[in-house]
Amino acid sequence: MNESYKELLVKKERDMKQTLLRVACVIPTVVCAAFTLLTGQIVMFIFLIVCGVLDYFVFQWTDIEYEYLYVDREISIDKILAKTRRKKIATIETDKIEIMAPEKSHQLDSYRNREVKTADYSAGKDLPDQKLYVIYSEGSKKYLLNLTEDFAKTVMNIIPRKVFLQ
């Protein structure tokens, strides 16, 4: 039995929408804090606490990392929020993979026009040591993952005809 183990952590980059949401939450908090210090009103203090709680949750929801874990012929994907909470969000069995290749690979040309559900568990672009890979799975599912070459080679050892590195 061939058992391999690989682990990879990918930080999702914040887009402009998430950055603006963070700024839009912090500005009222700062203004409320200033008014609370200047006037000393209890209403402003309560509003300051509400804004602070809102800031906490917005910062939690916009700080996302994905952990890919390859063990025993399956890729498990966990979502980590603000480095504190972890949730298992997907499992990809290697037996059900139709093709796995970098996003810009010509091997994916025949798959590009498919109408499939897309699950994006990537950083959103290529990173210096990680390529954006596309995995098509049986059951009309498409996964986007940022993988290192070492991680992809580990999967390639199990299903060599379905994994492409270029």
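Only a predicted model underlies this, so the values are computations on that prediction, with no experimental measurement involved. We number each residue from 1, following the sequence as shown.
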Going by heavy atoms in the side chains, are Leu165 and Tyr133 under 4.5 Å from each other?
-> yes

Considering only heavy atoms from C-beta outward, does the side chain of Gln166 approach that of Ser105 to under 4.5 Å?
-> no

Any link between Leu48 and Val58 through a network of hydrophobic side chains (Ile, Leu, Val, Met, Phe, Trp, Tyr) touching at under 4.5 Å?
-> no

Side chain proximity check, Gln60 to Arg85, heavy atoms < 4.5 angstrom | yes

For side chain to side chain contact (heavy atoms under 4.5 Å, CB included), just list the numbers for Val30 and Val26, CA-CA rounded to whole Å, side-chain angles, deciding distance to a tenth of an Å, and then say yes or no.
-> CA-CA 6 Å; Val30 171; Val26 169; 4.0 Å; yes

If you count the non-hydrogen atoms of other residues, nucleotides and ligands that lie under 6.0 Å from CZ in Phe164, is the total more than 12?
-> yes

Could you walk me through whether Leu145 and Ile77 pass side chain to side chain contact (heavy atoms under 4.5 Å, CB included), step by step?
-> CA-CA 9 Å; Leu145 307 175; Ile77 304 168; 3.6 Å; yes

Determine, using the 4.5 Å side-chain heavy-atom cutoff (strictly less than), whether Ile159 and Phe151 are members of one ILVMFWY cluster.
-> yes

Approximate separation, where rounding is to 0.5 Å, of Phe59 CZ and Leu21 CG = 9.0 Å

Qualifying residue, where the test is side chain to side chain contact (heavy atoms under 4.5 Å, CB included) with Tyr66 and the options are Asp120, Asp78, Ile80, Ile89 = Ile89

Does Lys162 reach the main-chain N or O of Ile97 with its side chain, forming a donor-acceptor pair under 3.5 Å?
-> yes

If two hydrophobic side chains count as joined below 4.5 Å and joins carry through other members, does Ile75 share a cluster with Val163?
-> yes

Between Ile99 and Ile135, is a side chain to side chain contact (heavy atoms under 4.5 Å, CB included) present by the stated rule, with each step listed?
-> CA-CA 6 Å; Ile99 189 169; Ile135 299 174; over 6 Å; no

Following the transitive rule for hydrophobic clusters with a side-chain heavy-atom cut-off under 4.5 Å over Ile, Leu, Val, Met, Phe, Trp and Tyr, establish whether Leu54 and Ile46 coincide in one cluster.
-> no

Donor-acceptor contact present, side-chain Tyr68 to main-chain Tyr121, <3.5 Å | yes

Give a yes or no on whether the backbone of Glu7 and the side-chain of Tyr70 come within a donor-acceptor separation of less than 3.5 Å.
-> no

If you measure from the Lys or Arg side-chain nitrogens to the Asp or Glu carboxylate oxygens, is any gap between Lys12 and Asp63 under 4.0 Å?
-> no

For Phe57, does the CZ atom sit with more than 12 other heavy atoms under 6.0 Å from it, leaving out its own atoms?
-> no

Under a 4.5 Å cut-off applied to non-hydrogen side-chain atoms, are Asn146 and Lys131 in contact?
-> no

Of the options Arg14, Arg22, Lys17, which is the one that meets Thr62 in a side chain to side chain donor-acceptor pair (under 3.5 Å)?
-> Arg22

Inspect the surroundings of CZ in Arg112 and state if more than 12 heavy atoms from other residues, nucleotides or ligands are less than 6.0 Å away.
-> yes

Under 4.5 Å between any side-chain heavy atoms of Met156 and Met100, yes or no?
-> no

Can you tell me how far the CG atom of Leu9 sits from the NZ atom of Lys83, to the nearest 0.5 Å?
-> 8.5 Å

Go through Lys96 and Ile92 one step at a time and tell me if the side chain to side chain contact (heavy atoms under 4.5 Å, CB included) criterion holds.
-> CA-CA 8 Å; Lys96 294 184 180 180; Ile92 307 169; over 6 Å; no

Indicate yes or no for a side-chain donor-acceptor contact from Thr36 to the backbone of Cys32 under 3.5 Å, with no hydrogens or angles considered.
-> yes

Hey, is NZ on Lys104 packed in by over 12 heavy atoms from elsewhere, all under 6.0 Å?
-> no

Determine whether more than 12 heavy atoms belonging to other residues, nucleotides or ligands lie under 6.0 Å from atom NZ of Lys141.
-> yes

Which value, rounded to the nearest 0.5 Å, describes the distance between Ser122 atom OG and Gln130 atom CD?
-> 10.0 Å

For residues Thr94 and Glu74, determine if any side-chain heavy atom of one lies less than 4.5 Å from a side-chain heavy atom of the other.
-> no

Between Ser140 and Val116, is there a donor-acceptor pair closer than 3.5 Å when you use the side chain of the first and the backbone of the second?
-> no

Do Tyr136 side-chain atoms and Tyr143 backbone N/O form a donor-acceptor pair below 3.5 Å?
-> no

Which pair of non-hydrogen atoms, one from Asp55 and one from Cys25, has the smallest distance, and what is that distance?
-> OD1-O, 2.8 Å

Flag the pair Arg86 / Glu67 as yes when at least one side-chain heavy-atom distance between them is below 4.5 Å, and no otherwise.
-> yes

Asp129 and Thr148: side-chain donor and acceptor closer than 3.5 Å?
-> no

Flag side-chain contact, heavy atom, 4.5 Å: Leu8 against Val10 | yes

